Trainee: 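Dropping the structure in here first, questions after.
All values derive from a computational prediction rather than experimental measurement.
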Amino acid sequence: MKYTKEDIKRICKEENIKYIRLQFTDMLGTLKNVEIPITGLNEALENEVMFDGSSVEGFVRTMEADMFLAPDLDTFLISSWEDTTYGKVAQFICDVLKPDENGNKVPFEGDPRGILKRNLEEMKKMGYKNFNLGVEPEFFLFKMKDNVPSLEYNDNGGYFDVAPIDAAEDCRRDIVLELQKIGFVVEAAHHEVSPGQHEIDFKFDNALEACDNVQTFKLIVKNIARRHGLHATFMPKPVKGINGSGMHCNCSLTDNNGNNIFYDSKSNNGLSETCLKWIYGILAHARGFCLITNPIINSYKRIVPGYEAPCYISWSASNRSTMIRIPASRGMATRTEVRSVDPACNPYLAASVLLAAGLDGIKGNCKVVPEMHINLFAMNNNERKLKGITALPENLKEAIDEFEADKLMKAAVGEHITDKLVQAKRLEWDEFRTTVTKWEIDKYLTRY
């Protein structure tokens with residue numbers, strides 16, 4: 001919805017808003033906020049609310065600490081899930097600004113939301129209007145024990161089960177109803193394949209709003225789950241031996257007339273040449289963007305054979321063992337489903353690298369990749385190698401190296417994020433590499 005400053009002031013008065021949350025996202029995808037009483041609304045609307053950027057992961061050094069929050073007026077939202085005993089709470093999603101050498105407020109180059117905006121501008125220069133993005137975030141619900149999250153499932157359900165097998169049906173319904181209150185168009189909600197695992201799908205949107213929605217979605221899921229005595233986690237693989245959680249990204253582009261350019265009614269499969277080139281671009285940079293779309297140690301416990309998550313860089317119109325699948329719908333619903341992405345990612349950065357990779361393919365810079373009709377999990381390494389099929393990185397270390405070798409992916413997120421992210425992830429990998437795990441103790445302590 002489009003708002004003016006006057007609209008927001010009027011609504012805050014009519015709705016008895018007493019508190020405002022100014023939200024933004026750090027480099028790692030964590031939602032942050034600065035809280036102000038309603039008396040600070042005018043200051044906030046003039047982009048005058050400051051915060052210490054040196055305290056935020058991936059932002060700036062101590063000597064560059066002063067940063068400003070610029071509320072996107074169109075993201076204004078009354079937080080209906082908040083305690084309203086003393087008046088309602090509202091929120092904005094903000095862009096991050098910094099002072100330049102003349103004291104003017106300018107976009108901060110390390111702001112993930114600003115990075116996506118920059119990539120969308122590059123898309124528009126190529127003659128496209130919208131990058132439409134539909135996400136399918138999966139999550140687990142675990143029981144809280146003494147106010148601490150456990151790994152005890154709330155249920156032992158599977159795909160599409162109902163109560164009482166699906167013991168979280170009430171919680172999931174409450175999440176959906178809360179999402180609908182604030183304007184989400186929820187298309188489906190169901191139990192996923194693993195015990196305690198769930199999926200709620202909402203309508204696609206332009207990429208910026210879709211990423212804003214992901215952050216709001218996660219916030220609501222966690223808050224409503226807590227009311228039910230549960231902990232919601234978007235960790236990709238919290239439990240060994242079961243399927244992990246993905247966040248499939250359904251992508252399409254529209255031209256300036258609103259037409260879906262991925263659809264061609266005259267082609268055999270309904271896919272345009274532009275769509276195919278987009279696919280080639282995504283596949284060409286898949287190893288390079290994994291650090292962004294699969295950003296943590298645990299991400300690589302999910303993308304292994306045997307648990308439905310894609311491991312191999314390939315595409316198909318129907319084959320679910322491939323990294324990119326083309327859902328059956330055509331016309332305006334024609335889209336490419338990138339299945340490797342997981343919900344630990346920063347959505348703004350993930351959308352940025354997917355867009356940059358796809359556009360590189362459209363420019364004709366990436367080689368043709370034939371469609372795969374066979375089950376890739378049933379093939380051995382030599383058979384896949386003969387068909388030219390490579391795998392996604394096996395661990396975070398490999399993903400870091402591949403990202404550093406991909407100039408386009410580094411350019412998509414910018415020099416600031418590249419430097420900060422690689423530094424942080426190398427430290428994360430080193431911490432993991434030098435940690436002695438329980439598995440090692442159980443395996444080796446009495447044997448050697």
Side-chain angles (χ1 to χ4, degrees), residues 193-194 236-237 239-249 268-269 271 275-327 336-342 345 353-354 357-358 360-361 364-409 425 429 432-433 437 439-440 443-444:
V193 63
S194 297
K237 186 88 167 188
V239 180
K240 174 186 175 183
I242 62 174
N243 286 31
S245 293
M247 190 176 80
H248 299 175
C249 290
N268 291 332
N269 56 12
L271 303 181
C275 181
L276 295 175
K277 289 181 177 180
W278 167 276
I279 291 170
Y280 305 153
I282 299 290
L283 298 179
H285 294 283
R287 289 177 62 82
F289 65 56
C290 257
L291 182 64
I292 306 296
T293 58
N294 308 85
I296 62 176
I297 295 286
N298 186 254
S299 295
Y300 299 89
K301 307 293 177 72
R302 168 183 166 258
I303 46 178
V304 295
Y307 298 99
E308 296 187 14
C311 312
Y312 306 112
I313 300 171
S314 52
W315 76 279
S316 172
S318 57
N319 184 354
R320 289 182 179 267
S321 68
T322 57
M323 180 186 141
I324 296 178
R325 186 179 74 90
I326 311 299
T336 58
E337 180 186 53
V338 184
R339 304 176 64 249
S340 56
V341 184
D342 74 48
C345 74
V353 294
L354 290 176
D360 193 46
N365 296 330
C366 305
K367 68 177 183 179
V368 173
V369 181
E371 182 179 0
M372 284 293 130
H373 298 284
I374 53 181
N375 183 356
L376 300 178
F377 296 131
M379 302 168 67
N380 60 40
N381 287 336
N382 286 334
E383 290 171 331
R384 285 190 291 269
K385 187 176 181 180
L386 287 172
K387 289 189 172 293
I389 299 170
T390 55
L392 293 169
E394 293 186 354
N395 54 52
L396 186 65
K397 166 66 165 57
E398 191 177 345
I400 296 168
D401 292 342
E402 290 290 336
F403 174 74
E404 287 202 290
D406 194 318
K407 294 180 180 179
L408 183 73
M409 294 299 93
K425 291 301 171 179
W429 173 254
F432 171 74
R433 182 180 62 83
T437 64
W439 181 90
E440 293 169 276
K443 188 80 172 176
Y444 304 127

Trainee: Which pair of heavy atoms, one from Arg302 and one from Arg339, lies closest together, and at what distance?
Mentor: NH2-O, 3.0 Å
Trainee: Is it true that, when you exclude Glu394 itself, more than 12 heavy atoms of the residues, nucleotides or ligands shown sit nearer than 6.0 Å to its CD?
Mentor: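 No, not enclosed.
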Trainee: What are the two closest heavy atoms between Cys275 and Leu271, and how far apart are they?
Mentor: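 Result for this residue pair: SG-CD2, 4.1 Å.
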Trainee: Got a list of side-chain donor-acceptor pairs under 3.5 Å for residues 366-378, not counting sequence neighbours?
Mentor:
from: Glu371; atom 1: OE2; to: Ala317; atom 2: N; distance (Å): 2.8
from: Asn375; atom 1: OD1; to: Phe377; atom 2: N; distance (Å): 3.0

Trainee: Given side chain to side chain contact (heavy atoms under 4.5 Å, CB included), test Lys425 with Ile296 step by step and report yes or no.
Mentor: CA-CA 8 Å; Lys425 291 301 171 179; Ile296 62 176; 3.8 Å; yes
Trainee: If we only count heavy atoms from C-beta on, is the Leu396 to Phe432 side-chain gap below 4.5 Å?
Mentor: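 The answer is no, as the side chains (C-beta and beyond) never meet within the 4.5 Å cut-off.
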Trainee: If you take all heavy atoms of Leu291 and Tyr300, which pair is closest and at what distance?
Mentor: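 So the two residues come closest at N-OH, 4.1 Å.
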Trainee: Return the set of residues passing side-chain contact (heavy atoms from CB on, under 4.5 Å) with Asn382 (not counting sequence neighbours), or none when no residue passes.
Mentor: Asn380
Trainee: NZ of Lys387 to OG of Ser314: how many Å apart, nearest 0.5 Å?
Mentor: 11.5 Å
Trainee: Rounded to the nearest 0.5 Å, how far does CD1 of Ile389 lie from CG of Asn381?
Mentor: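 Those atoms lie 11.0 Å apart.
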Trainee: Using side-chain heavy atoms (C-beta onward) and a distance below 4.5 Å, is Asn243 in contact with Lys237?
Mentor: no
Trainee: Looking at Ala391 and Ile313, what are the two nearest heavy atoms and their distance?
Mentor: O-CD1, 3.7 Å
Trainee: Of the options Pro295, Cys345, Ser245, Ser299, which is the one that meets Pro236 in a side chain to side chain contact (heavy atoms under 4.5 Å, CB included)?
Mentor: Ser299
Trainee: Can you tell me if Glu440 uses its side chain to pair, donor with acceptor, with the backbone of Thr437 under 3.5 Å?
Mentor: yes
Trainee: Determine the minimum heavy-atom distance between Met323 and Ala286, stating which atoms define it.
Mentor: CE-CB, 3.6 Å
Trainee: Looking only at non-hydrogen atoms, find the nearest pair between Tyr312 and Pro305 and report the distance.
Mentor: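 For Tyr312 and Pro305, the tightest heavy-atom pair comes out as OH-CG, 3.7 Å.
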Trainee: Just how far is it from atom CH2 of Trp429 to atom CZ of Arg433, taken to the nearest 0.5 Å?
Mentor: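 Spacing of CH2 (Trp429) from CZ (Arg433) equals 8.5 Å.
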Trainee: Do any pairs count as a side chain to side chain donor-acceptor pair (under 3.5 Å) and have a residue in residues 282-298, sequence neighbours left out, and if so which ones?
Mentor: His285-Asp360, His285-Asp406, Arg287-Glu398, Arg287-Glu402, Asn294-Asp342
Trainee: Could you tell me which residues satisfy side chain to side chain donor-acceptor pair (under 3.5 Å) with Lys277, sequence neighbours excluded, listed by chain and number?
Mentor: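 Side chain to side chain donor-acceptor pair (under 3.5 Å) list for Lys277, sorted by chain: empty.
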Trainee: Give a yes or no answer on whether the side chain of Ser340 reaches the backbone of Pro310 with a donor-acceptor pair at less than 3.5 Å.
Mentor: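 The answer is no, because no donor-acceptor pair under 3.5 Å joins these two groups.
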Trainee: How would you list, by chain and number, every residue that makes a ring-ring contact (aromatic ring centres under 6.0 Å, His included) with Trp315, sequence neighbours excluded?
Mentor: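 Not a single residue meets the ring-ring contact (aromatic ring centres under 6.0 Å, His included) criterion with Trp315.
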Trainee: Under the side chain to side chain donor-acceptor pair (under 3.5 Å) test, which residues partner Lys301, sequence neighbours left out?
Mentor: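 Side chain to side chain donor-acceptor pair (under 3.5 Å) check on Lys301 returns nothing, list empty.
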Trainee: Kindly indicate whether the side chain of Leu354, heavy atoms from C-beta on, has any atom under 4.5 Å from the side chain of Cys249.
Mentor: yes
Trainee: Is there side-chain contact between Phe289 and Ile282, with at least one heavy-atom pair below 4.5 Å?
Mentor: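 Sidechains of Ile282 and Phe289: in contact.
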